[in-house]
Amino acid sequence: MVAEGPVCPPCPPLMRLPENEDRSWARRAIDILEGDGRRSADTHLIKPVFRGLKGISIYLKDESTHPTGSLKHRLARSLFLYGICNGKVRRGTTLVEASSGSTAVSEAYFAHLLDLPFIAVMPRSTSGQKIAAVERFGGRCHFVDDPAQVYSEAARLARETDGYYLDQFTYAERATDWRGNNNIAESIFEQMRAEEYPHPKWVVMSAGTGGTSATIGRYIRYRNLDTRLCVVDVEHSAFYEAYLAGNLDATCSKASRIEGVGRPRVEPSFVPDVIDHMIKIPDAASIAAMYVLSERLFRRVGGSTGTNFFGLCWIAACMMAEGEEGSLVSLICDSGDRYTSTYYDPDWLTKNDIDIEPYREMLETFLDTGEFDAKSLLLDRLPANRNSAG
Ligand SMILES: *Cc1c(COP(=O)(O)O)cnc(C)c1O
């Protein structure tokens, strides 16, 4: 008897190697994505003048000038590259995302460039302006009644269409090459190179996915800089409590009013260990800072840029109180043109019970004279935390 041994699978009848169809599509796709990068100059790092801030230089990285109008242009490009280079996104792959905001707009743009179907899963309450922007690029919007359903619905649609869930909240932190490759951190530090204080004392950034702050925090460590990272959070968001309590299960039941930032749950792309400090900022302060900065730049910025700018002023005031000098960097995340019917509409502010005047006055005085009068403003005006550990 012959002992049974492992059986070798039969060789294919003809020695033929597989076609390279998928790879040639991927090569063409990468060319197109790189073309978008080649046609774009680096975004400006602007240095506005604030006469009151003696010894402190302020820099703002202007991400509103990307072809799709926000910092999500970088993220969308990275998520597409990530999907293609992992072999998940191929010719004809349906792309799905959970986003009612800037990410969906930027992704719809790239999907159009690559001729791929794109579906954005969004709450039914999403503004018509946003829906129109996605549809203009040929994307489709799929609505859910409960905003908490967007993730599972996006995953389901991707399964059913044999498509790919881009999943910004999970992949933002890993789709971006944190060591360099012209990521936002590398670009900022390169542009700062010949400034009076080339290594900022602090970089200030708000968190939506958390991906941008993760990239900046990692890069600071990688390049062995003494720069620190401050993440600013908004009223209705889980990040701040999660950071303070070290509890990544923290949740917030109310939706953030500052678009693009603040989340009901701690997103997987939020990396608390590279954050040196967090500040929670009242929405009225964010919007006041948005107005003040817009006036001084002669153009409108968005709400999350206001959050960033208020945090930056807070840190500048602390530095000045300590007699410290140096530079501070933050971001202009998008333009204010998107918010004419919300933050820039006085009726919207009234309806949302947002009084920006005290903060506005305080900031104007600070920027012109260096006097920062925070008494009675920040801490006791911050509404009670509605977060609850989940
Ligand atoms: C996404 C977003 C942010 C936050 O960036 P993340 O990298 O997602 O944390 C800030 N502002 C706007 C307008 C955004 O769309």
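FYI, the numbering just counts along the sequence from 1. Just so you know, ligand 1 is whichever comes first in the structure, and atom 1 is the first atom listed for that ligand. Values below: every heavy atom of this structure, side chains too, minus hydrogens, waters and symmetry copies. Not measured: the values here are computed from a predicted model.
Taken to the nearest 0.5 Å, the OH atom of Tyr164 stands 15.0 Å off from the CZ atom of Arg159.
Ile332 is not listed as a side-chain neighbour of Glu63, based on a closest heavy-atom distance of 4.5 Å or more.
For the pair Glu235 (side chain) and Lys280 (backbone), a donor-acceptor distance under 3.5 Å is absent.
Under the 6.0 Å cut-off for aromatic ring centres, Tyr291 and Tyr339 do not qualify, their centroids lying 6.0 Å or more apart.
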Under a 3.5 Å threshold, I'd like every N/O contact between ligand 1 and protein atoms, with atom names and distance.
{"unit_1": "ligand 1", "atom_1": "7 (O)", "unit_2": "Thr209", "atom_2": "OG1", "d": "3.4"}
{"unit_1": "ligand 1", "atom_1": "7 (O)", "unit_2": "Thr212", "atom_2": "N", "d": "2.9"}
{"unit_1": "ligand 1", "atom_1": "7 (O)", "unit_2": "Thr212", "atom_2": "OG1", "d": "2.5"}
{"unit_1": "ligand 1", "atom_1": "8 (O)", "unit_2": "Thr209", "atom_2": "N", "d": "2.8"}
{"unit_1": "ligand 1", "atom_1": "8 (O)", "unit_2": "Thr209", "atom_2": "OG1", "d": "2.7"}
{"unit_1": "ligand 1", "atom_1": "9 (O)", "unit_2": "Gly208", "atom_2": "N", "d": "2.7"}
{"unit_1": "ligand 1", "atom_1": "9 (O)", "unit_2": "Thr209", "atom_2": "N", "d": "3.3"}
{"unit_1": "ligand 1", "atom_1": "9 (O)", "unit_2": "Gly210", "atom_2": "N", "d": "2.8"}
{"unit_1": "ligand 1", "atom_1": "11 (N)", "unit_2": "Ser304", "atom_2": "OG", "d": "2.7"}
{"unit_1": "ligand 1", "atom_1": "15 (O)", "unit_2": "Lys72", "atom_2": "NZ", "d": "2.7"}

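Only one option out of Asp355, Thr342, Ile287 pairs with Leu349 in a side chain to side chain contact (heavy atoms under 4.5 Å, CB included); it is Ile287.
For the pair Asp62 and Arg299, the salt-bridge criterion is met [side-chain N within less than 4.0 Å of a carboxylate O].
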